[in-house]
Amino acid sequence: MTDAELRNMVSKTLTCRIDKKENCSEKMDQFLKRCFYHSGQYDSPENFAALDKKLKEHEDGRTSNRLFYLSIPPNIFIDAVKCASLSASSGNGGWTRVIVEKPFGRDSESSAALTRSFKQYLTEDQIFRIDHYLGKELVENLSVLRFSNLIFEPLWSRQYIRNVQLIFSEDFGTEGRGGYFDNYGIIRDIMQNHLLQILALFAMETPVSLDAEDIRNEKVKVLRSMRPIKLEDVVLGQYKNHTRGDVVYPAYVDDKTVPKDSLTPTFAAAALFIDNARWDGVPFLMKAGKALHNKRAEIRVQFRHVPGNLYKRNFGADLDQATNELVIRVQPDEAIYLKINNKVPGLGMKLDRSNLNLHYAARYSKEIPDAYERLLLDAIEGERRLFIRSDELDAAWSLFTPVLNEIEEKKITPEYYPYGSRGPVCAHYLAARYNVRWGDLGLDVEQ
């Protein structure tokens, strides 16, 4: 690719969304002039030395910083890091940092080996392990909601919370990306990183400060307090084909990049527990899946029933309908809403479940930045709060590796569910075992 071709490609997606006051076209031109394309092999020190030379021409003797972003297959991470570190580091007083995209290994062993290899060439403060979910606006707001509002923090414990649900669903399948996905599966792809990171942020104790290390220390404590996951607390599913009207939706194994006999789960649900004083006995239920009935990512906090509820008769037998629930919808259509019980206006005593709703699009006219925009800016500024530390990664893998090994050794067959459905039936049995009902089953007042 020539520099001109690269600039043309970049200009098609370059926008001035966040700050409309600036002179966009001028800024874009300035930016595009700084974009250039350099071709080389991942494992060639000579090619990286040539890149170094080219960068120095552009830096023109100024103190410069270099940020390498590795959005490449994990099997070539180390070669690229080694060459970048030895042949293309910033040499004149600036910093050199590396952003690494997941997956960070596929179990405890491979993750630890990757970290050891990285640390031959980089220090921990040069490594930025990116989990784009931590850059999402609503995940960022989780700590603000909890620690700067008096009404929530006192309720944030086993005393008032009955269960917490972390739900992730996509309404499409692997669509030709099965080659990558089949090697990892939904647990490694979504649960072990995105959902577990959100859980740790949700459940952590109040950090000493908003400093990155203080926050990450508290997240690690949560992960280390978690009970090992048992196989009976995990449900696996894989989508099969489904015909709706004239449209035939393909099965996972119909993807040409997936082996026909693949047992890789495209859906998983799990019950997790944190064995500490704050959360003892509270089920944290996670579920994640592809080819489901809708696209969403949300945290649902279901509070306990009101003791000796005076209005029990007005709700009939279904007490779940009368429970307060806090919903933090991460995507799409970001929102935070609290379900409360309310009297319907009229002469009778009829109760209704209503939402106190903060709908972001209605409340804020500003465009919400993309998660990657925030994270790349943080990496440039050296802000590490939303990046994952190596001991955090170790703790996350040690939680999931034993059950992942057991699933693979026993060749557990996933339950098949139709493309576009609500997922495997067994997920409902898992929730019911802990006296939980999934909150995303159409019980919301507004959908």
Side-chain angles (χ1 to χ4, degrees), residues 1-44 46-74 76-77 79-81 83-85 87-92 94-103 126-137 140 170 172 175-177 179-180 331-332 334 366-383 386-387:
M1 203 187 285
T2 64
D3 289 354
E5 284 170 338
L6 174 72
R7 286 166 188 161
N8 184 43
M9 188 174 87
V10 171
S11 67
K12 286 178 182 164
T13 56
L14 201 57
T15 63
C16 214
R17 297 178 303 121
I18 305 300
D19 193 349
K20 300 275 195 299
K21 296 192 294 291
E22 295 285 354
N23 182 339
C24 268
S25 57
E26 202 176 293
K27 282 268 164 126
M28 286 187 179
D29 289 343
Q30 280 179 8
F31 178 77
L32 289 169
K33 276 178 193 156
R34 296 175 175 213
C35 297
F36 61 89
Y37 186 87
H38 182 81
S39 178
Q41 297 294 321
Y42 294 120
D43 57 355
S44 164
E46 296 77 27
N47 290 163
F48 273 84
L51 172 65
D52 181 55
K53 188 176 170 210
K54 195 165 185 178
L55 287 171
K56 280 182 174 141
E57 287 168 16
H58 285 264
E59 290 159 0
D60 199 22
R62 295 186 300 266
T63 298
S64 63
N65 302 312
R66 293 183 184 177
L67 177 64
F68 293 90
Y69 182 178
L70 307 186
S71 185
I72 54 177
I76 46 184
F77 277 168
D79 286 338
V81 164
C83 293
S85 173
S87 304
S89 281
S90 175
N92 55 356
W95 49 251
T96 301
R97 294 175 186 151
V98 174
I99 294 181
V100 189
E101 270 279 9
K102 74 173 182 75
Q126 288 180 287
I127 305 166
F128 286 71
R129 298 172 190 84
I130 201 167
D131 182 335
H132 71 274
Y133 253 71
L134 294 185
K136 290 198 179 285
E137 191 68 39
E140 274 269 71
E170 290 179 333
F172 53 88
E175 334 286 74
R177 281 187 67 245
Y180 156 78
Q331 70 175 39
E334 294 86 349
K366 284 188 76 155
E367 182 136 8
I368 294 174
D370 182 79
Y372 278 104
E373 289 174 270
R374 170 175 303 157
L375 291 164
L376 290 171
L377 189 61
D378 279 357
I380 290 165
E381 292 178 343
E383 167 56 72
L386 301 177
F387 293 88

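Keep in mind that this is a model prediction, so the values were computed, not measured.
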>> Taking atom NZ as the centre, does K53 end up with more than 12 heavy-atom neighbours from other residues, nucleotides or ligands that are less than 6.0 angstrom away?
In response: no
> What distance separates Y42 OH from D79 CG, expressed to the nearest 0.5 Å?
Replying inline: 10.5 Å
>> Applying the side chain to side chain contact (heavy atoms under 4.5 Å, CB included) criterion to V100, which one of F68, F77, F387, F128 satisfies it?
In response: F77
>> Can you tell me how far apart CZ (R7) and CG (L32) are? Round to the nearest 0.5 Å.
In response: 7.5 Å
> How far apart are the C-alpha atoms of D52 and K56, what are their side-chain angles, what is the distance that settles it, and do they pass the salt bridge (Lys or Arg N to Asp or Glu O under 4.0 Å) test?
Replying inline: CA-CA 6 Å; D52 181 55; K56 280 182 174 141; 2.9 Å; yes
>> Evaluate E373 against L377 for side-chain contact (heavy atoms from CB on, under 4.5 Å), listing each step before the verdict.
In response: CA-CA 6 Å; E373 289 174 270; L377 189 61; over 6 Å; no
> Passes side-chain contact (heavy atoms from CB on, under 4.5 Å), D131 versus L375? Steps please.
Replying inline: CA-CA 9 Å; D131 182 335; L375 291 164; over 6 Å; no
> Can you list the steps and then say if K136 with Q331 is a side-chain contact (heavy atoms from CB on, under 4.5 Å)?
Replying inline: CA-CA 9 Å; K136 290 198 179 285; Q331 70 175 39; 3.1 Å; yes
>> Please find the pair of heavy atoms, one from L67 and one from V98, that lie closest to each other, and give the distance.
In response: CD1-N, 4.5 Å
>> Counting neighbours of CZ on F31 that are heavy atoms of other residues, nucleotides or ligands and sit closer than 6.0 Å, is the number greater than 12?
In response: no
> So how far is it from W95 CH2 to S89 OG, rounded to the nearest 0.5 Å?
Replying inline: 12.0 Å
> At their closest point, which heavy atom of N47 faces which heavy atom of Q41, and how far apart are they?
Replying inline: OD1-N, 2.8 Å
>> Just to verify, which of D3, V10, N8 counts as forming a side chain to side chain contact (heavy atoms under 4.5 Å, CB included) with L6?
In response: V10
> Applying the side chain to side chain contact (heavy atoms under 4.5 Å, CB included) test to I99, which of I130, D378, I127, L70 qualifies?
Replying inline: I130
> Got a second to check how far Q126's CD is from R97's CZ, nearest 0.5 Å?
Replying inline: 9.0 Å
>> Can you give me the closest heavy-atom contact between K54 and H58, atom names plus distance?
In response: O-CD2, 3.1 Å
> What is the minimum heavy-atom distance between D43 and C83, and which atoms define it?
Replying inline: C-SG, 3.6 Å
> Okay, side chain of T96, backbone of R66: is any donor-acceptor separation there less than 3.5 Å?
Replying inline: no
>> Rounded to the nearest 0.5 Å, what separates atom CG in L134 from atom CZ in R374?
In response: 11.0 Å
>> So which atom in L386 and which in E140 form the shortest heavy-atom distance, rounded to 0.1 Å?
In response: CD2-OE1, 3.6 Å
> Is it true that a side-chain atom of S64 and a backbone atom of E59 form a donor plus acceptor pair closer than 3.5 Å?
Replying inline: no
> Do you know which two heavy atoms are closest between Y180 and K102, and how far apart they sit?
Replying inline: OH-NZ, 3.9 Å
>> Could you check whether R129 pairs with E101 (Lys NZ or Arg NE/NH1/NH2 to Asp/Glu carboxylate O, under 4.0 Å)?
In response: no
> Would you call L55 and F36 a side-chain contact if the rule is heavy atoms closer than 4.5 Å?
Replying inline: yes
> Above 12 or not: heavy atoms from other molecules or residues under 6.0 Å from CD of E383?
Replying inline: yes
